[in-house]
Number of protein chains: 2
Amino acid sequence: MGKCEQCIIKQFNSLKSLTKDELVRISNCKTSYTIKKGTVIFEEGEAVNGVYCVKDGICKLSKLSENGKDQIVKMVVKGQLLGQRSLVSDENSNLQATALNDMEVCFIPKSEIIADLQKNPKFSYDVLKDMAHDLKEADDIIVNMAQKSVRQRLAETLIHIHNSFGINPDGTLSVLLSREDFANIVGTATESAIRVLSQFKKEGLISTIGKQIKIENIEGLKRIE
Amino acid sequence: MGKCEQCIIKQFNSLKSLTKDELVRISNCKTSYTIKKGTVIFEEGEAVNGVYCVKDGICKLSKLSENGKDQIVKMVVKGQLLGQRSLVSDENSNLQATALNDMEVCFIPKSEIIADLQKNPKFSYDVLKDMAHDLKEADDIIVNMAQKSVRQRLAETLIHIHNSFGINPDGTLSVLLSREDFANIVGTATESAIRVLSQFKKEGLISTIGKQIKIENIEGLKRIE
DNA sequence: TTTATAATATGATAATTGTCATGTTTTATT
DNA sequence: AATAAAACATGACAATTATCATATTATAAA
């Protein structure tokens, strides 16, 4: 099994601020494994007893409502940590985590890393910065949900996925989502998301190759009001 | 001027985790003053160069849109810290802070407190917990905005204000908000907020004494779907 | 007090979005 | 390859919410 000290992935998250000794210790207690697409990593209301360092793949953090809708609040991709908040607050998770592709993760038990959080100020400052960033993003989402139309939100979601998660060699978005996933990010009905995407296609803003989406006119998407 | 070491307010926020020495140092560089109702404390895009410890009063954190709407993301009340996030991230504020009543605050310059954040793990762990809590709340708001009706969100807002900010001796909500403020919290048009409140009144769920709102049937409000 | 200004209120109507029905295509399974 | 099951697509209609118009109150200013 790989060692945390030598793992490149940690460069992308707060684990980089741990000392060599801390990393060696964590390396010895971590478990590294694969998660199949569609697997629920943890459920809403569950106590998450550690953090997942995402080495590959992508997952969604979402919340189910009584009527069966599933609002996606955040996506966690390769390089990021999953379950950071539950690490800090002793409360149970308010969100469900589900793998959107096959993932490769390392699980670090809470007991092992919580001490570092309390003793290594550089590490905790790093986690703090991360959390501050997440909070800013969450605030922006609230404002978007309140002030923008489904059409605008969907356009912005496409741009965000394009910019933050990248594209394949053929120009399609590297993160493959179902229409339902898009609806759940934007906070609308699946049919509405489908309709708007069809509209974008008609307007030449995007094109599709099967389920894959390619942004054809990013400036056009940005201009949507 | 009061001394931080002896201030009772700090018990309610992360400042309680500072050492006596740290508090004395901060006490010497803080400025304590009053902010009139309606004053903009800091604007969107502005660099906030410190934190405000709210000794009395209440303010809103909001974001303006092009069409003149102002989405309220969070309210900061007596005992809490305002500007925590800007303390951590070097980015400018994404939100505007505006006093909703006359406020009494202490301003602690960033330069003075940032070192404590990096050196005092207990303090930074506390700030971290606070931020984790804010993040959880923000996530919940996103989900509510996506999944619930204006009627439900307004009912929940009333309950939240009742439970978190308290009531006056006569039973009215202690935080006095305009109908527009309610609309901006819920993320709807002012007219819609007014209509729903009128409806609640007709149904006997709330009563009003001038601008003041009194919850008459909290269970009824909770039951709204 | 009078006047002006802002906040609250409510109707009428339009725009957006959701829901249900139904058909087509894609993908998975036998 | 045949079948079943998902996912995608689109029309028709209903529900929710926004917008505009216009009163009516409150509140502040002269």
Side-chain angles (χ1 to χ4, degrees), chain A residues 36-38 65-71 98 100-102 144-155 157-158 172-173 175-203 206-214 224-225, chain B residues 36-38 65-71 98 100-102 144-155 157-158 172-173 175-203 206-214 224-225:
Chain A
K36 280 254 168 302
K37 176 179 172 174
S65 72
E66 312 79 51
N67 59 48
K69 281 193 184 171
D70 187 47
Q71 179 62 32
T98 315
L100 288 173
N101 334 127
D102 290 352
N144 284 344
M145 296 286 272
Q147 298 182 340
K148 297 186 178 170
S149 67
V150 168
R151 201 173 144 79
Q152 276 177 295
R153 278 163 10 218
L154 192 40
T157 299
L158 290 170
T172 57
L173 299 178
V175 174
L176 183 60
L177 296 174
S178 68
R179 302 297 194 247
E180 194 182 1
D181 287 328
F182 278 110
N184 292 343
I185 292 171
V186 167
T188 192
T190 306
E191 295 94 324
S192 299
I194 289 173
R195 246 180 271 269
V196 174
L197 284 174
S198 302
Q199 196 63 36
F200 285 170
K201 205 171 157 181
K202 267 183 201 154
E203 296 168 26
I206 62 170
S207 63
T208 55
I209 307 165
K211 231 169 129 164
Q212 306 265 7
I213 291 175
K214 183 174 174 180
I224 285 175
E225 325 217 346
Chain B
K36 279 251 168 301
K37 177 179 173 177
S65 73
E66 313 80 49
N67 59 48
K69 281 194 184 169
D70 187 47
Q71 178 61 32
T98 316
L100 288 173
N101 337 120
D102 290 351
N144 284 345
M145 296 287 270
Q147 297 182 341
K148 297 185 177 170
S149 66
V150 168
R151 200 173 144 77
Q152 277 178 296
R153 280 180 273 154
L154 192 40
T157 299
L158 290 171
T172 57
L173 299 179
V175 174
L176 183 60
L177 297 172
S178 68
R179 302 296 193 248
E180 194 182 3
D181 287 328
F182 278 110
N184 292 344
I185 292 171
V186 166
T188 192
T190 306
E191 294 94 324
S192 298
I194 289 174
R195 246 180 271 268
V196 174
L197 284 175
S198 302
Q199 195 63 36
F200 285 171
K201 205 171 156 182
K202 268 184 203 153
E203 295 169 28
I206 62 170
S207 62
T208 53
I209 307 167
K211 230 168 130 163
Q212 306 265 5
I213 290 175
K214 182 173 171 181
I224 284 174
E225 326 217 345

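Order of the sequence lines sets the chain letters (A, B, ...), proteins ahead of strands, with each chain counted from 1.
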Test log, rule side-chain contact (heavy atoms from CB on, under 4.5 Å), inputs A:K211 and A:T172:
CA-CA 10 Å; A:K211 231 169 129 164; A:T172 57; over 6 Å; no
Show the numbers, then the answer: is there a side-chain contact (heavy atoms from CB on, under 4.5 Å) between A:N101 and A:L176?
CA-CA 8 Å; A:N101 334 127; A:L176 183 60; 5.6 Å; no
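Atom P of nucleotide D:dT17 and atom CE of A:M145 are separated by 13 Å, given to the nearest angstrom. Separating the CG atom of A:D181 from the P atom of D:dA6 is a distance of 16 Å, rounded to the nearest angstrom. Nucleotide D:dT16 holds its P atom 17 Å from the CD atom of B:Q147, rounded to whole Å. Rounding to whole angstrom units, CD of residue A:E191 and P of C:dT24 are separated by 18 Å. Atom CZ of A:F200 is separated from atom P of D:dC8 by 16 Å (rounded to the nearest Å). Spacing between atom CD of A:Q152 and atom P of C:dT16 amounts to 11 Å, rounded to whole angstrom units. The interatomic distance linking A:R179 (CZ) with C:dT27 (P) rounds to 11 Å, in whole Å. The separation between A:Q212 atom CD and C:dT27 atom C1' is 14 Å, rounded to whole Å.
B:N184 places no side-chain N or O within 3.5 Å of a backbone atom of B:D181 that could act as its donor or acceptor partner. Looking only at distances, a side-chain donor or acceptor of A:Q147 sits under 3.5 Å from a matching main-chain atom of B:K69. With hydrogens and angles ignored, the 3.5 Å screen pairs no side-chain donor or acceptor of B:Q212 with any backbone N or O of B:I209.
Residue B:R151 has no polar side-chain atom (N or O) positioned under 4.0 Å from OP1 or OP2 of D:dT16. Note on A:S192: a side-chain N or O is less than 4.0 Å away from OP1 or OP2 of C:dG18.
In this structure, the nucleotide among D:dT17, C:dT8, C:dT19 sitting nearest to the side chain of B:I194 is C:dT8. Side-chain proximity of B:S198 to the nucleotides D:dT17, D:dA7, C:dT10 is greatest for C:dT10. You'll find that the side chain of B:A189 is closest to D:dA18, out of D:dT17, D:dA18, C:dT19.
Looking at heavy-atom distances under 4.0 Å, A:T190 makes no contact with the nucleic acid at all. Residue contacts shown for A:K69 are limited to sugar-phosphate atoms, with no base heavy atom under 4.0 Å away. Nucleic acid contact class of B:K201 (heavy atoms, under 4.0 Å, all strands): none.
Of the two residues near DNA chain C, B:K202 and A:G210, the one whose nearest nucleotide lies more 5' is B:K202. Closest-nucleotide positions on DNA chain C for A:K211 and A:S149 were compared, and the one nearer the 5' end corresponds to A:S149.
One cannot find a donor-acceptor pair under 3.5 Å joining the base of C:dG18 and the side-chain atoms of A:R195.
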